[in-house]
Protein chains: 2
Amino acid sequence: MERSGAVAALAALAQENRLDVFRLLVAAGPAGLAAGRLAAALDLAPNTLTFHFDRLRMAGLVTVRREGRSMIYAARYETMNALLAYLTENCCRGAQTCGPAVCEPSLPARKRKRETA
Amino acid sequence: MERSGAVAALAALAQENRLDVFRLLVAAGPAGLAAGRLAAALDLAPNTLTFHFDRLRMAGLVTVRREGRSMIYAARYETMNALLAYLTENCCRGAQTCGPAVCEPSLPARKRKRETA
DNA sequence: CATATAATTCTATATTCGTTGAAATATGGA
DNA sequence: TCCATATTTCAACGAATATAGAATTATATG
């Protein structure tokens with residue numbers, strides 16, 4: 001990730017409602033959540049939410065897919081991890097002290113190629 | 001760290017010049033850098049830089065101290081790490097897959113209580 | 001087709017942001 | 001004290017941001 005992409009992602013997350021949206025999507029995992037459900041959960045007007053979704057999407061932090069009448073938004077872990085990598089790039093250069101700082105779905109242990117159980 | 005603090009830190013970093021400033025400070029370590037040196041390095045007007053320093057300082061991302069005629073700015077790793085922790089909080093809940101995501105000075109291996117060498 | 005649901009688009013508006021230029025403050029040295 | 005250096009403060013301005021209201025598009029169902 002380069003600087004402009006990092007700034008875009010940071011700006012997208014630098015807003016209370018969007019940060020809430022993104023955290024809910026991260027917690028929701030790859031299945032994502034319908035726009036309406038998020039609107040209800042966060043008590044936001046649907047058009048306001050659309051505005052915020054656009055920001056998140058332009059920053060590459062979420063994806064959308066249509067499912068019937070609903071639009072399902074889901075977190076893009078790849079971008080999130082690239083951002084974390086960019087932010088920690090200048091820290092403890094070369095030392096292993098710094099963890100990889102990765103973000104993965106919260107509830108992945110279902111259909112994975114058997115590991116840890 | 002709570003949401004408002006995270007938003008403040010994200011907003012502070014969500015600007016090209018400020019992100020550059022912060023990364024240079026992170027790379028510079030606890031010794032920090034004089035405002036003038038950063039102004040020269042980034043080719044920014046001194047008053048513009050003051051504006052950005054204020055944002056970073058209000059977000060708790062940097063500290064200042066006077067040294068002669070110069071103002072020395074330094075990164076606050078503590079806040080940076082709290083932000084990283086907040087961002088990765090909802091990721092792979094409970095799994096060790098996610099690293100600790102910490103940010104420490106780049107060149108610390110000098111006066112530490114002997115470890116790893 | 002008519003209607004309800006889900007979400008988006010468009011327009012407007014108050015607020016905040018980033019930069020600039022001029023003036024002011026603080027420190028150190030002759 | 002006088003002057004240069006280092007940085008901040010103040011005022012102004014165009015640009016971007018976040019929200020709200022009204023109208024529109026898309027999908028499903030009777």
Side-chain angles (χ1 to χ4, degrees), chain A residues 3-25 28 31-76, chain B residues 3-25 28 31-76:
Chain A
R3 188 179 61 163
S4 63
V7 168
L10 288 166
L13 296 174
Q15 208 277 335
E16 305 218 336
N17 291 328
R18 280 198 297 268
L19 189 53
D20 283 344
V21 166
F22 186 70
R23 299 187 106 219
L24 283 180
L25 290 180
L33 281 174
R37 290 189 73 86
L38 282 166
L42 301 176
D43 192 33
L44 286 176
N47 54 348
T48 299
L49 198 46
T50 295
F51 170 81
H52 291 308
F53 279 142
D54 279 353
R55 296 302 166 93
L56 289 170
R57 200 159 44 78
M58 287 180 197
L61 285 166
V62 305
T63 58
V64 213
R65 64 178 193 276
R66 178 175 281 280
E67 206 158 281
R69 283 178 280 206
S70 299
M71 299 298 268
I72 311 291
Y73 286 85
R76 257 179 142 272
Chain B
R3 188 181 60 164
S4 62
V7 168
L10 288 165
L13 295 175
Q15 210 278 333
E16 305 217 337
N17 291 328
R18 281 198 296 269
L19 189 53
D20 283 345
V21 165
F22 186 71
R23 298 187 108 220
L24 283 179
L25 290 180
L33 282 173
R37 290 188 74 86
L38 282 166
L42 300 176
D43 193 33
L44 286 176
N47 54 351
T48 299
L49 198 45
T50 296
F51 170 82
H52 291 308
F53 279 142
D54 278 353
R55 297 303 168 92
L56 289 169
R57 200 158 43 79
M58 288 182 199
L61 284 166
V62 305
T63 59
V64 213
R65 65 177 194 275
R66 179 176 281 280
E67 207 159 279
R69 282 178 279 207
S70 298
M71 298 299 269
I72 310 293
Y73 286 85
R76 259 179 140 271

Rounded distance in Å - [atom1] ([X]) to [atom2] ([N]):
{"X": "B/R65", "N": "D/dA6", "atom1": "CZ", "atom2": "P", "answer": "17 Å"}
{"X": "A/L44", "N": "D/dT17", "atom1": "CG", "atom2": "P", "answer": "18 Å"}
{"X": "B/E67", "N": "C/dG28", "atom1": "CD", "atom2": "C1'", "answer": "14 Å"}
{"X": "B/L13", "N": "C/dC17", "atom1": "CG", "atom2": "P", "answer": "14 Å"}
{"X": "A/M58", "N": "D/dA18", "atom1": "CE", "atom2": "P", "answer": "12 Å"}
{"X": "B/N17", "N": "C/dT20", "atom1": "CG", "atom2": "C1'", "answer": "14 Å"}

Nearest nucleotide by nearest heavy atom, which residue falls closer to the 5' end of DNA chain D, A/G68 or A/Q15?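 Comparing both residues, the 5'-ward one is A/Q15.
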How far does CZ of A/R55 sit from CG of A/N17, to the nearest 0.5 angstrom? 13.0 Å
Report the distance from atom CG of B/L61 to atom CG of B/L25, rounding to the nearest 0.5 Å.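 Nearest 0.5 Å value for the CG-CG distance: 10.0 Å.
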Between B/R18 and C/dC17, is there a contact of a side-chain N or O with OP1 or OP2 at under 4.0 Å?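 No, because none of the side-chain N or O atoms of B/R18 sits under 4.0 Å from OP1 or OP2 of C/dC17.
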Would you indicate, yes or no, if D/dT17 has its OP1 or OP2 atom less than 4.0 angstrom from a side-chain nitrogen or oxygen of A/H52?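 No, because none of the side-chain N or O atoms of A/H52 sits under 4.0 Å from OP1 or OP2 of D/dT17.
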One thing to verify: whether B/D54 and B/R57 come together as a salt bridge, which I'm taking to mean a side-chain N less than 4.0 angstrom from a carboxylate O.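 Yes, this pair counts.
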Base, backbone or nothing for each nucleotide of nucleotides 2-9 of chain C, written B, S, -, heavy atoms under 4.0 angstrom, 5' to 3'? --BBSSBB
Flag, side chain of A/R18 to backbone of A/H52, donor-acceptor distance under 3.5 Å: no
Are the side chain of A/R66 and the backbone of A/G68 linked by a donor-acceptor contact shorter than 3.5 Å?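 Checking the backbone N and O of A/G68 against the side chain of A/R66, a donor-acceptor pair under 3.5 Å is found.
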Below 4.5 Å, heavy atoms only, C-beta onward: do A/L24 and A/L42 meet side chain to side chain?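 Yes. Closest side-chain heavy atoms under 4.5 Å.
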